[in-house]
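Presented below is the structure to which this report refers.
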Amino acid sequence: MKAEDFTPPSKTWRADLVTICRAFHRIDQDTLLRQLEKWAAPQAAVAVMGDRSLWTLDNDWTKALRPLIRSFLGDDRRAVLSDIFNPHDRPYVEVLAGSAFSDVQEYRFEEEREWTPYQVIGYLSSTSFASRAVFGDKWHAFERQALRLLTEHCDEGTGLLTEDNAFTVLLAFRP
């Protein structure tokens, strides 16, 4: 079910906290936020949160990995073979500020993660944009090439890939 298709359990039900993680980029944001005007309690907070994905990070190894993914799947980002992803062009702060929940506070938590090449492959297989289902019968060929590419980018001393990331939490309230 899409978030936009949610139906409250009763006519009097109101949410005190609405949490939206990584899926906000796939939601019809304006529609959902208009619906939340009715469904959220007056003091409710809407929390939109997430970190940057391997698709958007600027580390050397993620920049090298994206073209490899595209070489197998094409230039369009998708969740399934028939579902092309068209990203929104407005920052989430602006989206929220243009809604009834226009009092927006932003919190960023910088972090550095370390991955083994096999952990990256495992992570990719769990994502909507690079899962085994999206690759289909090309998965094993992709996996071999990706492991080779990732191993080439590992730190020589640790054998790990470093990811500089940030987890962002946007808390939005009615003014």
Side-chain angles (χ1 to χ4, degrees), residues 1-59 62 65-66 69-70 73-115 118-136 139 163-175:
M1 173 193 331
K2 292 181 177 181
E4 308 90 302
D5 297 335
F6 171 78
T7 303
S10 74
K11 290 182 182 202
T12 59
W13 179 88
R14 297 293 176 264
D16 291 312
L17 174 64
V18 176
T19 58
I20 306 167
C21 204
R22 285 185 161 194
F24 197 56
H25 66 285
R26 287 198 163 273
I27 293 173
D28 180 343
Q29 298 164 348
D30 293 330
T31 298
L32 180 65
L33 290 167
R34 275 193 308 277
Q35 290 169 328
L36 290 177
E37 289 178 47
K38 300 176 285 190
W39 299 338
Q43 76 286 359
V46 175
V48 176
M49 60 197 121
D51 57 355
R52 289 173 272 173
S53 78
L54 295 184
W55 194 262
T56 60
L57 287 167
D58 285 330
N59 300 299
T62 58
L65 185 59
R66 284 190 292 274
I69 294 170
R70 286 188 181 107
L73 300 179
D75 289 333
D76 293 322
R77 186 173 164 192
R78 58 191 79 232
V80 293
L81 290 177
S82 62
D83 179 20
I84 295 174
F85 170 62
N86 295 305
H88 299 279
D89 60 354
R90 291 190 303 159
Y92 295 164
V93 171
E94 288 180 21
V95 172
L96 291 166
S99 76
F101 304 92
S102 59
D103 180 6
V104 183
Q105 302 165 15
E106 181 173 351
Y107 302 91
R108 284 178 65 87
F109 306 92
E110 301 291 329
E111 63 179 326
E112 182 179 280
R113 297 181 190 153
E114 293 181 328
W115 299 78
Y118 285 99
Q119 287 173 319
V120 172
I121 296 299
Y123 166 77
L124 288 172
S125 71
S126 74
T127 66
S128 61
F129 66 85
S131 68
R132 289 174 184 249
V134 173
F135 276 93
W139 173 259
E163 169 196 331
D164 296 315
N165 206 328
F167 191 84
T168 303
V169 178
L170 301 174
L171 292 178
F173 303 88
R174 289 183 172 100

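For the pair Leu124 and Phe129, the minimum side-chain heavy-atom distance is below 4.5 Å. Looking at Phe6 and Leu32, their side chains never come closer than 4.5 Å, going by heavy atoms from C-beta outward. No side-chain heavy atom of Val18 sits less than 4.5 Å from a side-chain heavy atom of Trp39. Two residues are said to be in side-chain contact when any heavy atoms from C-beta on lie closer than 4.5 Å; Tyr107 and Met49 fail this criterion. Counting heavy atoms from C-beta outward, Leu65 and Val120 have side chains that approach closer than 4.5 Å.
In terms of heavy atoms, Ser102 sits closest to Ala97 at CB-O, 3.2 Å. Heavy-atom minimum distance, Ala172 versus Val104: CB-CG2, 4.2 Å. When all heavy atoms are compared, the tightest approach of Thr62 to Leu57 is OG1-O, 3.1 Å. Nearest heavy-atom pair across Arg14 and Lys11 is NH1-O, 3.3 Å. Annotation for Ser125 and Trp139: closest pair CB-CH2, 3.7 Å, computed over non-hydrogen atoms. Considering every non-hydrogen atom in both Phe173 and Ala45, the closest pair reads CE2-CB, 3.3 Å.
Distance check, rounded to the nearest 0.5 Å: CD of Glu114 to CD of Gln119 gives 9.5 Å. In this structure, CG on Leu17 lies 8.0 Å from CG on Leu171, to the nearest 0.5 angstrom. In this structure, Phe109 CZ and Asp51 CG are separated by 12.5 Å, a value rounded to the nearest 0.5 Å. The structure places OG1 of Thr127 at 12.0 Å from CZ of Arg132, a figure rounded to the nearest 0.5 Å. Here the straight-line distance linking atom CZ of Phe101 with atom CG of Leu36 works out to 5.5 Å at 0.5 Å rounding. Residue Leu96 holds its CG atom at 9.5 Å from CZ of Arg90, rounded to the nearest 0.5 Å.
Under a 3.5 Å cut-off, the side chain of Gln29 and the backbone N or O of Phe24 do form a donor-acceptor pair. Of the possible polar contacts, none joining the Arg34 side chain to the Ser99 backbone as a donor-acceptor pair under 3.5 Å is found. Remark: side-chain polar atoms of Asn165 are paired, donor with acceptor, to backbone N or O of Arg52 under 3.5 angstrom.
Open room surrounds OH on Tyr118; 12 or fewer heavy atoms of other groups in view lie less than 6.0 Å from it.
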